[in-house]
Amino acid sequence: MWKPDEEEFFIGYAPPMPPRLGRFVRRVVIGIGCFVVIVAVTLASGHLRLEGGTFEFGHPKSFSGTIVERPYPGLRLDGVDSNVEPWPLLVAPGKHGADALVRGLDGRHITLTGTRIQRGAHTMIEVEPASLPSRVSEAASMVATALLEQSDKAAVELTGEIVDSKCFLGVMVPGSGKTHKECASLCLRGGIPPALYVQDRAGHSSLLLLVGPTGEPIGARAVQAAGEAISLTGSIQRRGGWLVLRTDPTFWRRVD
Amino acid sequence: MSTTYRAVAWNPQKRRYDMVAGGLVLGFLVVFLGVQATLRPELTVETLLIRALAAGAFTLLNIILCIGPLARLNRRFLPLLYNRRHLGVMMFTLALAHGVFSIVQFHSAGTLNPLVSVLVGNARYTTISQIPFQPFGLAALTILFLMAATSHDFWLHNLTAPVWKTLHMGVYVAYALIVLHVIFGVLQGETSLLLAWTLGGGVLTVFTLHGLAARQEARLDREEESLRIDGFVDVCSVADIPEKRAVVRCLSGERVAVFRYDGQVSAISNVCQHQNGPLGEGRIVNGCVVCPWHGYEYLPDTGASPPPFTEKVPTFDVRVVAGRVLVHPQPHPPGTRVQPAMLDVARRA
Ligand code: HEM
Ligand code: FES
């Protein structure tokens, strides 16, 4: 209990504060100051290290190459062997894919302006829509499809996280995991190519672009699984430097 | 209702309080941003800001929630309580900035309305390991918004004190929601022990302090069997009450503050009309009982604030017999004048 005669009385609107109380308050404030610094350092260093890519935001460049329309928009850069280096995927600004932007441009050689997104060997370009030529609807959309048909397939069973390739490759860090889940589902909804990120115990990791059983885009069907660990089966092919996984979302299993 | 809102006026004390608090908040943000940008260079600026603002808001909320019980346990913490509402508004500002940045970053520029995305972007409400955490933050932010928007004494008077106080107890609901927001969000996403321990330490401290303060209050409310004469209860001896101070006793479930001043004794309710501050822990200055929390004033014989103010608290009949103070537990309506009990000359000396 308080001992009335020993204590000074503080009235907020009637300064100055009584001297002994003032000293006490000063000590408390200094204590809170130290506490604040300790908590800030603890919380700031408590977060785990994340992997992430880079997004050259604010530094758009010009890229020349041949448009690939399917399964997901890409650009086969001039003078680059796609079997060695994956071709950049194309996406639109925000949480939107570039399907509508490149529709009808398949196989066309163009120069566009965009911002590079990069993580490891994988690149992506956020296209400035105005830098694309207006659509030519009769252009053949054979190249990508043809590419997808060739070469051997390997049947696999994999477990990994469904990610949206744009955030994952560097637009956001974290660009995967629980805190990013809603963003990933919004990106897939908007047409950003879905991918599966798999890691083995030794720490090796791979990113696989996801397409449906007939090589069709499946972003819309992957929305609910975004940001979650999924177990799935499918067949892997290497296309344009990318590992492409054909899989049927109907048979995906959640690993909660 | 008050004709003016005196507790809101600015004064040097409040200005100093706000400057110190603002400086500490700024210091927190600078340290957090500096350390995290150095240790985690891979993070984007948006993530750094979202985290720094969130950590700052939540740390501040923990401090705010500790001030109340600390001031109950040790009166010397009262100066921290004095302008606590400004801390609340600062905390809300940080939390709002965090929420807005998060919504812009994670929920905008897509094909869904951002708020819809917050609520249904992750629809797995029934699976604990996957449950969305943002809706908890949004609910907390809504409560904090209502509190910050009504923090002015204008609203205290216009909503009436009981409604206002109930609304502001919402801070505990908001606190619980934020704890869930953090557990289901960052802690599930990162499983970081350091963050978990810090969160646990904060929650434990808030709980412990509230528990200790509640125990002390309960002790105060224990009604001791006392002598009763004519319905009057023997409260204490005159000598137990220091001059210009009070002794607090619980009579028929109500706390009564019995003041001694200038050779007289008066009893009024212990509960300040402003925010339930303990009047019996105040003292009499210039003839008025001054509340220890924010300085509201009441005349000891009428329980009414001096004009132009209009707050009133109940008063009680008092007698002094043979050096003992006797109080009738039946309260008079707020503001009713009661003749103070006079001390005899020998005692007055
Ligand atoms: C619309 C409301 C809100 C949304 C959308 C939201 C969103 C988020 C997101 C996305 C994160 C994860 C950040 C990361 O680590 O990458 C987060 C963390 C956090 N949020 Fe919120 N939040 C909201 C409201 C609040 C409120 C009102 C508070 C109260 C102080 C709060 C406190 C926190 C805390 C303490 C963290 C952990 C910070 C850290 O990572 O160190 N949030 N929130
Ligand atoms: S002055 Fe605010 S509670 Fe008494």
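Just so it is clear: chains get the letters A, B, ... in the order the sequence lines come, proteins before strands, and each one is counted from 1.
If you measure heavy-atom distances from A/Val28 to chain B, the contacts under 4.5 Å come from the side chain alone. Only the side chain of B/Gln134 comes within less than 4.5 Å of a heavy atom of chain A; its backbone N, CA, C and O stay farther away. Contacts between B/Val290 and chain A at a heavy-atom distance below 4.5 Å involve backbone atoms as well as side-chain atoms. Contacts of A/Val171 with chain B are made by backbone atoms alone, with heavy-atom separations under 4.5 Å and no side-chain atom involved. Contacts of B/Ile63 with chain A are made by side-chain atoms alone, with heavy-atom separations under 4.5 Å and no backbone atom involved. When heavy atoms are compared at a cutoff of 4.5 Å, B/Thr198 approaches chain A solely by way of its side chain, counted from C-beta outward. Both the backbone and the side chain of A/Val36 come within less than 4.5 Å of a heavy atom of chain B. Only the side chain of A/Phe35 comes within less than 4.5 Å of a heavy atom of chain B; its backbone N, CA, C and O stay farther away. Using a 4.5 Å cut-off between heavy atoms, B/Leu199 makes no contact with chain A at all. Only the side chain of B/Val285 comes within contact range of chain A, with at least one heavy atom under 4.5 Å from a heavy atom of that chain. Heavy atoms of B/Thr59 lying under 4.5 Å from chain A belong exclusively to its side chain. For chain A, the nearby parts of B/Ser129 are the backbone and the side chain; heavy atoms of each come within less than 4.5 Å. At a 4.5 Å heavy-atom cutoff, the contact between A/Leu21 and chain B is made by side-chain atoms alone. Both the backbone and the side chain of B/Phe77 come within contact range of chain A, each with at least one heavy atom under 4.5 Å from a heavy atom of that chain. At a 4.5 Å heavy-atom cutoff, B/Arg16 makes no contact with chain A through either its backbone or its side chain.
The candidate from A/Cys183, A/Ala40, A/Gly94 with the greatest count of non-hydrogen atom pairs under 4.5 Å with chain B is A/Ala40. When A/Gly177, A/Cys187, A/Pro174 are compared by the number of non-hydrogen pairs under 4.5 Å with chain B, A/Pro174 comes out ahead. With respect to chain B, the highest number of heavy-atom pairs below 4.5 Å among A/Leu50, A/Val41, A/Thr42, A/Val29 belongs to A/Leu50. Counting heavy-atom pairs under 4.5 Å between each of A/His180, A/His96, A/His47 and chain B puts A/His47 at the top. Contact count versus chain B (heavy atoms, under 4.5 Å) is highest, among A/Lys181, A/Glu228, A/Gln224, A/Glu51, for A/Glu228. Of the listed residues (A/Gly33, A/Gly52, A/Ser45, A/Cys167), the one with the most heavy-atom contacts under 4.5 Å to chain B is A/Ser45.
B/Tyr82 carries B/Lys14 over the face of its six-membered ring, with the cationic atom under 6.0 Å from the centre and within 45° of the normal. A/Arg119 forms a cation-pi arrangement with A/Phe168, by the criterion of a distance under 6.0 Å to the ring centre and an angle within 45° of the ring axis.
By the neighbour-count criterion of 12 heavy atoms within 6.0 Å, atom CZ of A/Arg253 is sparsely surrounded, having that number or fewer from other residues, nucleotides or ligands.
Panel note: side chain B/Thr47, backbone B/Leu43; no donor-acceptor pair is recorded below 3.5 Å. A donor-acceptor contact shorter than 3.5 Å is absent between the side chain of A/Thr179 and the backbone of B/Val186. Panel note: side chain A/Ser131, backbone A/Thr113; a donor-acceptor pair is recorded below 3.5 Å.
By the side chain to side chain donor-acceptor pair (under 3.5 Å) test, B/Ser102 pairs with no residue at all, sequence neighbours left out.
Considering B/Leu24, B/Ile67, B/Val25, B/Asp18 in turn, B/Ile67 is the only one that fulfils the side chain to side chain contact (heavy atoms under 4.5 Å, CB included) rule with B/Leu87.
Proximity of B/Phe136 to B/Ile131: side-chain heavy atoms (C-beta onward) are separated by under 4.5 Å at one or more points.
At a threshold of 4.0 Å, the pair A/Glu182-A/Lys95 does not count as salt-bridged, since none of the basic side-chain nitrogens sits closer than that to a carboxylate oxygen. Classification of B/Glu281 and B/Arg245 as a salt-bridged pair fails, no side-chain N sitting under 4.0 Å from a carboxylate O.
No side-chain donor-acceptor contact under 3.5 Å links B/His294 and B/Asn83.
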